[in-house]
Each structure stands twice: as C-alpha cells, then as structure tokens.
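What follows is one structure encoded as structure tokens, with my remarks underneath.
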2 protein chains.
Amino acid sequence: MNTKDLAYFNQLIQVKNFSKVAQEFGVTQPTITMAIKRLEAEFQTKLVLRDRIHNELVVTPSGEQLAIHAQNILRELALTQQEITHLTQDRTVLGLPPIIENYYFPRVAAHLQAQGMLANLQTLEGGSVWLRNALRDGRADLALLGSTAPLSYKTLVAEEFDRQPFNVFVAATHPLAKRKRIYFSELKGEKFVLFNSSFVHNTAFNTLTRRNHFRPEVVFRANDTHVIMNLVAANVGVTFLTDIVDQHRQDVVRLELLDDEQPEFISSIVTRTSHVLTPTQKQVLAVLRATLGDD
Amino acid sequence: MNTKDLAYFNQLIQVKNFSKVAQEFGVTQPTITMAIKRLEAEFQTKLVLRDRIHNELVVTPSGEQLAIHAQNILRELALTQQEITHLTQDRTVLGLPPIIENYYFPRVAAHLQAQGMLANLQTLEGGSVWLRNALRDGRADLALLGSTAPLSYKTLVAEEFDRQPFNVFVAATHPLAKRKRIYFSELKGEKFVLFNSSFVHNTAFNTLTRRNHFRPEVVFRANDTHVIMNLVAANVGVTFLTDIVDQHRQDVVRLELLDDEQPEFISSIVTRTSHVLTPTQKQVLAVLRATLGDD
DNA sequence: TGACTATTATAAATTATTTTTATAATAACT
DNA sequence: AGTTATTATAAAAATAATTTATAATAGTCA
C-alpha cells in the first residue's frame with residue numbers, strides 16, 4: 001500500500017471534494033478517484049459515498065475508521081523524517097519552560113559549554129503543555145518539564161529530578177509575615193497576584209482553592225516573577241510560587257504551607273519513547289542528569 | 001512510500017539477512033536490496049551497514065529509528081484491517097475477565113438476549129492485562145476490565161461503572177470471625193489462600209502487605225473462588241477478595257477493612273480511542289451502561 | 001425545457017515504479 | 001585456489017500509477 005494514497009484520502013476527508021484534493025497535491029482528478037478505489041479494494045469496503053440529494057460526500061463508518069489511522073500513520077511518518085534529520089545532522093532541540101530555564105538551566109549551561117556542546121544545542125521555549133506536544137511530534141528531542149503529578153504517558157519517558165513545595169509570599173508588612181508556616185485555608189479573603197504563564201502553578205493553585213472551598217480574588221496576573229514580587233512587596237496582594245523563583249528579597253517573606261498532601265512542582269527530564277538518541281543527545285542527557293540529579 | 005518496503009525493512013532488522021527476508025516474502029533477493037535503497041533515498045540516510053569483519057549486518061541509529069516507526073505503522077495498518085473487518089461484518093468482540101464475567105455479565109446477557117444481540121456478540125476471555133492488549137491491537141472491540149487505579153491510557157477510553165472494596169474472608173470458626181471490621185495489619189502471621197488468576201486482586205494484596213511491612217505466607221493459590229472459599233471454610237487460611245465473588249456462605253465470614261486509602265476493585269467499560277463503533281457495538285455499549293451504570 | 005456548470009467515473013495511453021533474471025562483486029571458509 | 005554465502009548492479013519484464021480525453025450524473029438558471 002502506498003502512503004500517498006493515505007495522504008490523498010486524509011485530505012479528501014477534510015475537503016470532501018476530489019477535484020480540490022487533486023489540485024492541492026498538483027495531480028489530476030482521476031488520480032484521486034483511483035487512489036480511493038485502491039484503498040477500497042485493499043480494505044474491501046466502501047470508504048466514501050456520494051449523497052446526490054444534498055450534493056455532498058458522505059464518509060462511511062469504515063472511512064471514518066481509516067481516516068483515524070491514516071492520520072496516525074502520516075503523523076508517524078512525519079515524525080520519522082524529523083527524527084532522522086535530527087539524528088543525521090546531529091541537531092539537538094531542548095525544550096525549556098521559562099521557569100525551569102531561569103532556575104535550572106544556567107547551572108546546566110555552564111557544564112555544557114565546558115564540554116563544547118552548547119553550539120549544537122538549540123533550545124525551544126514554551127509552556128509545559130505546549131512543549132509536551134512539541135516533544136511528541138518531534139519538534140524537540142529532549143525537554144525539561146514541570147508538572148504537579150508525575151508525568152506518565154505511553155509516548156514519553158519522564159525522569160524526575162526535583163520536587164519543590166509551593167510557598168506563599170507576602171509583603172514584610174503583611175499581618176501574616178511574622179508567621180513561618182500557614183495553612184492554605186488562612187488565605188481565604190486575601191487578594192492574589194499570580195503567575196500567568198505557568199500552567200503548573202495555576203493547576204496547583206486551583207487544586208488548593210477548590211479543596212479549601214474558596215473562590216480566590218485574583219487582582220493581577222503577570223508573566224514575570226519580578227513584577228509579581230514587586231506587587232507583593234507593595235502589598236497589592238500575596239502570591240503563590242515555588243521557592244525556585246524566589247529572589248530572596250528583604251521586603252517579601254516566604255511562608256511554608258502546613259497542609260497535608262500539598263501539590264508539588266515536579267521537574268522532570270523528558271524524552272520520547274520512540275526516539276533514538278544521537279551521541280550528542282546522550283551527552284546532553286548525561287550532563288542534565290549529572291547537574292540536576294544530585295541536588 | 002510503499003508500506004511493503006517498511007515490512008521488508010522491519011523483517012530485515014529482525015533476521016539481518018537480505019536473502020532470508022526475500023525468501024520469507026516469496027520475492028527475489030534484489031527486491032530487498034532495492035527496497036532498502038528506496039527507503040535510504042527517501043530518508044536520505046544509511047539504514048544498514050555491512051560489517052565485513054564480523055560478517056554481520058549493523059543497523060545504523062537512523063535504521064533503529066526507522067525500525068521503531070516502521071513497527072508502529074505496520075501495527076496501525078493491521079489494526080485498521082481488523083477494525084474495518086469487524087465494522088463491515090458487524091462483529092462485536094467483548095473482552096471479559098473471569099471475575100467480571102461471573103458477577104456482572106449474567107445481568108447484561110439477559111438484556112442483550114432480549115434485544116437479540118447476543119448472537120452477534122463474541123466474548124473473549126482473559127486476564128485484565130491480557131485483555132487490555134487484545135483491545136489495543138483490535139482482537140476485541142469492547143471490554144469490561146478490572147483495575148486497582150482508574151485506567152488511563154492514550155489509546156483507550158475507560159468508563160468506570162463500579163467500585164468495590166476488597167474484603168477479608170475467614171472461617172466462621174476463626175478467632176477473627178467475631179469481628180466485623182479489621183485492619184489489614186492484624187493479618188500479620190495469618191496463612192493466606194489467594195486467587196491466582198486475577199492480576200487486580202494480587203496487585204491490591206501486594207500493595208497492602210508492602211504498606212504494612214509484612215511478607216504474607218501464601219499456602220495455596222487457586223483459580224476458582226469456590227475452591228478458595230472451601231479452603232477458607234476448612235481453616236486452611238484466610239483470603240482476600242472483593243464482595244462480588246462472595247457466595248454468602250454460612251461457614252465463611254466477611255470482614256471489612258478499616259485501613260485508610262484502601263485499594264478498590266474498579267470495574268470499567270473500555271474501548272479503543274481510535275475505534276469507530278458499529279450500530280450493534282453502540283447498542284451493546286448502551287446496554288452495558290444501562291445495566292451496569294445504575295448500580 | 002435545454003444549455004451550462006460542477007463534479008466524479010471510466011478507458012486507453014503514457015509514464016513511473018517494482019520485480020525479476022542474470023551476473024558481478026566481496027569476503028569468509030576449506 | 002576453489003567453494004560458498006552473501007549482497008550489489010544492470011537490463012529486461014512486469015506491475016502500478018498517472019495523465020489525457022471523454023463520459024456520466026445531477027444540479028442551476030435563463
């Protein structure tokens with residue numbers, strides 16, 4: 001079976017017009033007719049029907065079924081091409097969410113530079129969820145990801161290297177500032193300044209507010225921890241962050257949480273199950289493990 | 001790209017001999033040579049190397065990479081064929097682990113029979129783990145599966161319909177028989193008669209023994225709950241089962257567990273994410289939901 | 001109604017691809 | 001050196017895919 005036929009079919013399912021598909025692929029219309037016929041013969045089933053009454057193409061259940069698998073196969077082929085290109089050109093793309101890039105990466109970068117590996121290394125920035133998908137479809141080869149629960153996917157292998165509790169930060173002048181430890185429920189009624197760009201922080205925060213049955217009043221959301229800390233220092237509100245973004249300021253106090261079963265910021269080195277690592281990628285991985293592992 | 005080339009390549013990786021692969025596929029040897037050349041041209045990389053010194057075929061990293069994806073693609077194609085066959089022939093294969101078949105299925109069967117659907121329905125028996133794989137590769141279309149944690153896989157959709165706590169069963173003459181509820185830790189030192197064929201029961205049991213730091217003395221394992229119950233009645237040992245396998249006997253007493261965070265026997269209706277259901281399969285699913293859902 | 005349009009199907013010719021046949025090349029083994 | 005096992009190469013043959021040209025079907029509109 002030719003995968004080209006699957007590509008034709010996949011496109012036909014989308015645009016529901018043989019002639020348009022032919023145009024898009026730069027072939028003539030009978031090519032598409034024949035391709036579909038071949039697939040119908042191969043799977044011994046009708047794939048599309050012509051609804052003359054409403055003048056449109058109807059996809060049979062078998063067609064729907066094939067469409068799903070055709071997509072999977074085409075995705076798999078594209079990924080293969082991506083991976084082999086990275087493999088032969090010795091390209092290494094490391095996915096880094098901003099928080100992890102700020103806190104963990106400088107340490108790693110020094111070691112990588114020392115071994116002359118920073119040159120071949122390309123970084124790809126984005127949120128943890130976005131990067132997970134980038135890793136899945138081959139745009140990245142390795143990634144450091146944050147999560148609240150241990151990552152577990154069939155297509156990805158995650159290796160946890162750090163766990164950080166979430167903390168509450170309040171202005172030094174805030175009534176709670178004298179405390180070292182508080183329960184999250186004590187924040188009921190507080191105003192919050194939150195981190196916008198981190199899916200992980202927000203997930204953890206939402207878990208805690210839901211568990212403690214309150215609707216938080218979020219007065220501002222920022223993408224920069226410095227901005228957040230400045231607002232907290234000015235008593236605009238309190239915030240909820242991990243210690244790894246703390247700048248140890250005089251005017252802001254860190255409070256630990258006393259709650260049982262707190263969410264944690266879990267950092268993991270993640271790779272694709274199906275990916276064969278280049279020597280460089282293996283080295284990068286080794287450096288990541290050595291640098292981040294014994295924390 | 002022709003998937004036949006992937007099949008040739010996949011086989012070549014296994015047997016590492018062009019001539020043998022040709023034989024197995026009933027083609028001549030240059031066919032294989034050419035197929036590999038086509039793939040190497042397509043992906044612009046060497047896939048295999050000839051190690052003249054050790055006289056064997058070496059697979060390059062790119063080759064390893066392609067091999068992984070070739071397998072995935074071939075599996076996907078086989079699954080497609082399976083699913084379309086079931087779809088066009090209106091075949092429905094329902095996977096049932098023995099415990100679930102005994103307890104839940106009789107109720108369902110009555111309803112299915114009433115609607116004349118029992119004829120087209122084929123059942124496939126096997127352990128929960130084995131059935132999960134059968135479902136994945138298309139040997140089954142639907143399955144009822146037991147598990148200790150909610151099932152969550154990318155390729156499968158699980159719909160929980162029941163949760164049962166595990167219980168301990170002891171002979172009526174056993175010292176613990178007067179109790180209604182016990183802690184699992186109180187079973188330290190007991191002899192156990194266990195269920196052999198259930199992965200789920202064993203997982204749950206192991207979790208509890210590990211958590212309570214003891215090595216259970218298992219004196220017998222059986223595949224039939226009646227055998228187990230007879231042994232328990234005869235005070236050969238105590239057992240650990242869900243209530244759904246209980247036959248409400250006079251000579252055996254059921255004890256509930258008082259432990260926090262007990263494992264549970266979770267029963268789910270499971271289907272494949274990629275699977276398009278036939279009308280019959282939809283009906284079967286509806287009956288399953290209606291019969292099992294409002295418990 | 002009949003000309004016109006948009007769409008898909010069919011058949012023969014053409015082109016491209018795959019497989020075979022025949023044979024060469026390489027290197028290990030005796 | 002001859003033999004064997006293995007893969008590569010080249011030309012011929014066989015298959016398969018695509019195009020060209022045209023038919024078929026049904027809807028649209030004057």
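Numbered from 1 within each chain, the chains take letters A, B, ... in sequence-line order.
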Taking the six-membered ring of F9(B) as reference, does the NZ or CZ atom of R38(B) fall below 6.0 Å from its centre and within a 45° cone about the axis? no
Between [X] ([atom1]) and [N] ([atom2]), how many Å, whole number?
{"X": "F18(A)", "N": "dT25(D)", "atom1": "CZ", "atom2": "P", "result": "16 Å"}
{"X": "L39(A)", "N": "dA16(D)", "atom1": "CG", "atom2": "P", "result": "15 Å"}
{"X": "L47(B)", "N": "dT7(D)", "atom1": "CG", "atom2": "P", "result": "15 Å"}
{"X": "F25(B)", "N": "dT18(C)", "atom1": "CZ", "atom2": "P", "result": "16 Å"}
{"X": "K46(B)", "N": "dT7(D)", "atom1": "NZ", "atom2": "P", "result": "13 Å"}
{"X": "Q29(A)", "N": "dT5(C)", "atom1": "CD", "atom2": "P", "result": "18 Å"}
{"X": "M34(B)", "N": "dA8(D)", "atom1": "CE", "atom2": "C1'", "result": "8 Å"}
{"X": "N2(A)", "N": "dT17(C)", "atom1": "CG", "atom2": "P", "result": "10 Å"}

Which pairs of donor and acceptor atoms, one on a side chain in residues 115-128 of chain A, lie under 3.5 Å apart (sequence neighbours left out)?
residue : atom : partner : partner atom : Å
Q122(A) : OE1  : R91(A)  : NH1          : 3.0
S128(A) : OG   : G146(A) : N            : 3.3
S128(A) : OG   : G146(A) : O            : 3.3

At less than 4.0 Å, is any side-chain N or O atom of [X] found next to OP1 or OP2 of [N]? Yes or no.
{"X": "K37(A)", "N": "dT8(C)", "value": "no"}
{"X": "S19(A)", "N": "dT8(C)", "value": "yes"}
{"X": "K16(A)", "N": "dT7(C)", "value": "no"}

Closest non-hydrogen contact found for Q29(B) with S19(B) is CG-OG, 4.1 Å
Determine the minimum heavy-atom distance between S274(B) and I68(A), stating which atoms define it. O-CD1, 3.2 Å
With DNA chain C as reference, determine whether L12(A) or K4(A) sits nearer its 5' end, using the nearest nucleotide of each. L12(A)
Let's see if you can work this out: which of [options] has an atom nearest to the side-chain heavy atoms of [X]?
{"X": "R38(A)", "options": "dA17(D), dT7(C), dT20(D)", "answer": "dA17(D)"}
{"X": "P30(A)", "options": "dT7(D), dA10(D), dT20(D)", "answer": "dT20(D)"}
{"X": "T33(A)", "options": "dT10(C), dT20(C), dT19(C)", "answer": "dT10(C)"}
{"X": "T31(A)", "options": "dT20(C), dT8(C), dT18(D)", "answer": "dT18(D)"}

What does Y8(A) touch in the nucleic acid at a heavy-atom separation under 4.0 angstrom: a base, only the sugar-phosphate, or nothing? sugar-phosphate
Contact class for N17(B) (heavy atom, under 4.0 Å): base, sugar-phosphate, or nothing? sugar-phosphate
Please answer whether the main-chain N or O of M1(A) pairs with a side-chain N or O of T3(B) as donor and acceptor at a distance below 3.5 Å. yes
